[in-house]
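Data first, discussion second: the structure below is written as structure tokens.
Per chain, numbering begins at 1; letters A, B, ... match sequence-line order. Atoms considered below: every heavy atom in the structure, side chains included; atoms not considered: hydrogens, waters and symmetry mates.
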Number of protein chains: 4
Amino acid sequence: MKTKDKIIHCALKLFNEQGERQITTNHIAADLGISPGNLYYHFSNKQEIIRSIFQLYVEQLEASFRPHADQRLTLEHLTSYLDASFELMWRFRFMYANLLELLARDPQLEEQYQALQQELANWSRDILLQLRDSRFITGDDATMMELADSVKFIIGAWIAYQSAQLKGGEITKARLYQGVLKILFTLRPYFTEESQHTYQGLYQHYVKFAERNK
Amino acid sequence: MKTKDKIIHCALKLFNEQGERQITTNHIAADLGISPGNLYYHFSNKQEIIRSIFQLYVEQLEASFRPHADQRLTLEHLTSYLDASFELMWRFRFMYANLLELLARDPQLEEQYQALQQELANWSRDILLQLRDSRFITGDDATMMELADSVKFIIGAWIAYQSAQLKGGEITKARLYQGVLKILFTLRPYFTEESQHTYQGLYQHYVKFAERNK
Amino acid sequence: MKTKDKIIHCALKLFNEQGERQITTNHIAADLGISPGNLYYHFSNKQEIIRSIFQLYVEQLEASFRPHADQRLTLEHLTSYLDASFELMWRFRFMYANLLELLARDPQLEEQYQALQQELANWSRDILLQLRDSRFITGDDATMMELADSVKFIIGAWIAYQSAQLKGGEITKARLYQGVLKILFTLRPYFTEESQHTYQGLYQHYVKFAERNK
Amino acid sequence: MKTKDKIIHCALKLFNEQGERQITTNHIAADLGISPGNLYYHFSNKQEIIRSIFQLYVEQLEASFRPHADQRLTLEHLTSYLDASFELMWRFRFMYANLLELLARDPQLEEQYQALQQELANWSRDILLQLRDSRFITGDDATMMELADSVKFIIGAWIAYQSAQLKGGEITKARLYQGVLKILFTLRPYFTEESQHTYQGLYQHYVKFAERNK
DNA sequence: CATGAATGAGGTTTCATTCAT
DNA sequence: GATGAATGAAACCTCATTCAT
């Protein structure tokens with residue numbers, strides 16, 4: 001790994017652990033065992049490091065969400081998407097802890113973030129429509145749109161919400177995956193009669209998962 | 001208004017406008033036209049100002065949510081509760097923009113926040129059970145619990161989520177009230193046959209409201 | 001007691017306990033339950049409080065050292081003088097902890113202090129000459145002068161020296177009275193043959209005293 | 001000389017001249033012509049500078065007092081020790097002007113200081129016992145112990161005592177070396193018959209020295 | 001006599017960033 | 001690529017002192 005990448009990953013680690021505000025560029029350099037001058041050789045300022053982290057986030061997000069081509073969507077696909085997105089949020093959780101501050105400080109980042117949100121909205125909508133096509137769920141178009149927005153909302157807001165509930169802010173994997181349960185619960189009323197069984201299976205799977213990770 | 005209160009309100013205003021991080025104690029003093037020493041006469045440090053703002057938030061929240069005594073709960077009550085809580089969040093929106101940072105920095109605040117969240121959880125649960133008693137909605141106990149948690153989640157996360165979607169972070173009242181719509185949408189599948197009509201009325205009311213404030 | 005005197009005594013207490021540097025005028029006012037404004041009504045600045053404390057010290061010192069008129073000096077007189085002076089130093093110990101700083105900051109105080117030191121020198125010399133007249137001790141004039149200076153030196157330096165040896169700076173009475181023993185030890189070689197017995201009695205008295213107060 | 005050392009020496013100089021309390025970190029930086037930030041690059045706070053000065057003092061002290069190995073102790077050795085220790089005290093005189101304050105503020109420093117005092121006590125005792133072995137002085141063990149303590153006391157307290165006697169606190173070398181005379185005077189009664197001559201020689205040497213430097 | 005809010009200069013410290021090597 | 005000393009603006013906070021009441 002190149003120094004530039006090391007800086008990005010080290011910064012991400014420290015930001016997640018202690019918050020972006022408490023971590024100075026000197027902390028990052030010290031943690032890596034490099035000089036502050038060297039850090040500034042690779043990045044012209046702290047904000048650029050944050051932008052690079054965001055870039056990494058976008059890349060990983062898009063890789064996860066790239067649709068499985070022509071395959072028919074199964075519920076397993078859905079949950080694997082959900083798993084991936086929650087994992088991702090976990091890896092970049094400092095961003096969610098400070099999102100508004102970060103965006104307010106950096107219009108360029110704000111623009112990128114909002115473009116990404118649009119992509120996520122489309123993706124969320126497509127998934128739901130596919131689920132309807134496959135008769136897992138049912139509902140009119142407007143309902144599907146609103147439901148897609150709910151899903152996107154839960155994904156985007158879950159980490160910050162949960163972290164704030166927990167002493168020391170240290171969220172666990174179990175708490176993280178309750179976000180998936182929350183999405184399933186929100187979709188439940190729209191599951192068709194014949195997929196109730198599938199729903200139950202999925203739900204129990206995550207309940208067990210959460211219990212194992214308590 | 002006493003200087004102490006002026007400081008609290010001025011700080012709240014500036015924090016909402018520019019973020020807590022960018023506003024220094026000197027900014028607050030300058031905005032009020034008082035000396036930094038005077039500010040420190042009333043508050044022993046910046047954190048204490050933040051705590052006082054939080055105190056104000058708690059007081060206003062509890063005033064809004066104090067149940068309407070023995071009256072039967074109508075949907076109008078529900079929405080007036082929702083209106084109040086979204087308004088409140090709007091008035092204290094900087095807290096939601098930085099919640100995790102604020103809590104991480106101040107264990108005392110964290111404790112108070114988490115106690116408040118517990119109250120909100122109870123309140124949310126009670127409302128839903130009353131709605132079920134009044135046959136507006138239906139569902140087993142577990143469902144009611146989960147639904148109550150969803151409502152609390154939406155209330156707690158909506159501002160930060162919406163602000164992040166908007167250029168300049170400047171959320172509008174219309175966007176704010178879409179949070180109420182989101183709650184209604186989440187409850188919809190559980191509305192009884194006979195209250196569908198009530199639901200539609202409410203929903204349309206907020207849709208119109210949102211449109212007016214676009 | 002008038003407010004003015006209360007301020008002096010309170011300041012003395014706090015200075016002794018925590019050091020003059022750490023005690024602000026507001027601390028003094030708060031400890032007395034009066035307003036800072038009131039404190040400044042009685043004293044025009046902090047330095048004046050210190051000067052008043054010094055004045056009190058001078059008065060008490062002079063009262064203690066006022067010679068017992070025409071009486072012949074006994075060793076009991078000597079030790080009662082020593083007791084008194086060590087007690088006094090104990091009551092005004094903060095001054096010894098900071099003497100140079102205090103004098104450097106306040107030329108007026110410096111002048112008074114140095115005048116007092118001259119008085120002490122005279123007094124010390126007189127005592128020793130009287131002791132020689134009474135054939136307790138023996139030695140030529142130069143020796144008596146030097147011895148008198150040694151006594152004055154021990155009195156003036158003992159508290160600061162001993163406090164620095166002790167964890168937490170909290171000197172005990174026992175340690176304080178070892179200063180008297182140190183003076184006696186310094187005089188010992190000059191005691192006449194016939195007063196050796198008296199010397200032993202005195203010395204043992206203070207040794208026991210010190211042990212009792214350990 | 002490295003910047004770090006320059007800071008230590010500059011701080012020592014300014015502290016000696018004006019007192020630690022009046023010298024701010026900005027004064028030190030300004031006097032050196034460096035930025036305050038640079039000072040804080042080398043020392044994390046003012047206290048650390050003080051600790052480093054103390055460290056320097058300890059090193060110089062230990063270098064001076066390291067016994068002249070296997071050689072027999074002569075009175076010349078003794079006085080060269082005394083000279084060295086008084087010189088040292090002179091170089092670090094601000095510490096003696098504020099000793100109690102400094103120790104009260106910094107428990108780590110207090111511990112080091114008290115360990116050093118223990119070393120000095122041992123050193124003082126060893127010298128006196130060697131002098132007795134060499135028949136310069138005479139006396140029982142208890143007397144030697146008490147005498148050793150007197151010597152240590154004079155060394156430790158002389159500067160503060162003398163400075164307080166002098167207008168402007170500006171002690172001269174002559175006054176400083178009277179501390180050596182005071183020690184010699186204190187030892188005099190214990191000098192053996194045969195070394196009286198040596199004593200006189202030494203004493204006169206310092207008297208002349210003092211007169212030259214008046 | 002007394003109150004207590006207010007002042008403001010200045011102290012300690014932080015930290016993103018620069019620059020000579 | 002890399003070092004690490006250096007910068008300087010600015011943050012937070014203190015405290016002796018003032019002043020209207």
(request) Report the residue (Ser44(C) or Gly33(A)) whose heavy-atom-nearest nucleotide on DNA chain F is the more 5′ of the two. (result)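 In this pair, the answer is Gly33(A).
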(request) Report the secondary structure of DNA chain E in dot-bracket form, marking unpaired bases with a dot and bases paired to a different strand with |, and treating Watson-Crick or G-U pairs with both distances under 3.5 Å as paired. (result) .||||||||||||||||||||
Which heavy atom of [X] sits nearest a heavy atom of [Y], and at what distance?
{"X": "Arg51(C)", "Y": "Leu109(C)", "value": "CG-CD1, 3.9 Å"}
{"X": "Ile50(D)", "Y": "Glu20(D)", "value": "CD1-OE2, 3.6 Å"}
{"X": "Leu39(D)", "Y": "Ile49(D)", "value": "CD2-CD1, 3.8 Å"}
{"X": "Glu110(A)", "Y": "Leu166(B)", "value": "OE2-O, 3.2 Å"}
{"X": "Pro36(C)", "Y": "Asn26(C)", "value": "CB-OD1, 3.4 Å"}
{"X": "Cys10(A)", "Y": "Ile28(A)", "value": "SG-O, 3.9 Å"}

Counting only non-hydrogen atoms, which of [range] are less than 4.0 Å from DNA chain F?
{"range": "residues 2-9 of chain B", "value": "none"}
{"range": "residues 34-42 of chain B", "value": "Gly37(B), Tyr40(B)"}
{"range": "residues 20-32 of chain B", "value": "Thr24(B), Thr25(B)"}

(message) Please compare Gln47(D) and Lys46(A) by the position of their nearest nucleotide in DNA chain E and report the one closer to 5'.
(response)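 Of the two residues, Gln47(D) wins.
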(request) Please work out which of the three classes, parallel, tilted or perpendicular, describes the rings of Tyr57(B) and Tyr96(B), given edges at 30° and 60°. (result)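 Tyr96(B) vs Tyr57(B) ring planes: perpendicular.
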(request) Could you tell me how the ring of Phe94(B) sits relative to the ring of Phe15(B): parallel (under 30°), tilted (30 to 60°) or perpendicular (over 60°)? (result)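 Ring orientation of Phe94(B) relative to Phe15(B): tilted.
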(request) Take Gln60(A) and Leu56(A) through the test side chain to side chain contact (heavy atoms under 4.5 Å, CB included) and record every step on the way to the result. (result) CA-CA 6 Å; Gln60(A) 295 194 10; Leu56(A) 189 66; 3.8 Å; yes
(request) May I have all residue pairs that pass side-chain hydrogen bond (donor to acceptor under 3.5 Å, both in side chains) and include part of residues 4-19 of chain D, sequence neighbours excluded? (result)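 Pairs touching residues 4-19 of chain D that pass the test: Lys13(D)-Asp31(D).
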(message) Please evaluate residues His42(C) and Glu48(C) with respect to the criterion side chain to side chain contact (heavy atoms under 4.5 Å, CB included), reporting the C-alpha separation (whole Å), side-chain torsions for both, the decisive distance (0.1 Å), and the verdict.
(response) CA-CA 10 Å; His42(C) 292 286; Glu48(C) 219 177 60; over 6 Å; no
(message) Distance alone, cut at 3.5 Å: any donor-acceptor contact between the side chains of Glu101(D) and Gln22(C)?
(response)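 There is such a pair between these side chains.
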(message) Under 3.5 Å, is there a donor on one side chain and an acceptor on the other for Gln112(D) and Gln55(D)?
(response)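 Per modelled atom types, Gln112(D) and Gln55(D) side chains form a pair under 3.5 Å.
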(message) Applying side chain to side chain contact (heavy atoms under 4.5 Å, CB included) to Arg21(A) and Arg105(B), what does each step give before you reach the verdict?
(response) CA-CA 10 Å; Arg21(A) 188 174 188 171; Arg105(B) 245 163 45 208; 2.5 Å; yes
(request) Please list, in 5' to 3' order, the outermost nucleotides of DNA chain E lying under 4.0 Å from any heavy atom of chain D. (result)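 Listed 5' to 3', the contact boundaries are dG11(E) to dC15(E).
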(request) Go through the steps to decide whether Phe43(A) and Thr25(A) satisfy the test side chain to side chain contact (heavy atoms under 4.5 Å, CB included), and finish with yes or no. (result) CA-CA 10 Å; Phe43(A) 295 91; Thr25(A) 49; over 6 Å; no
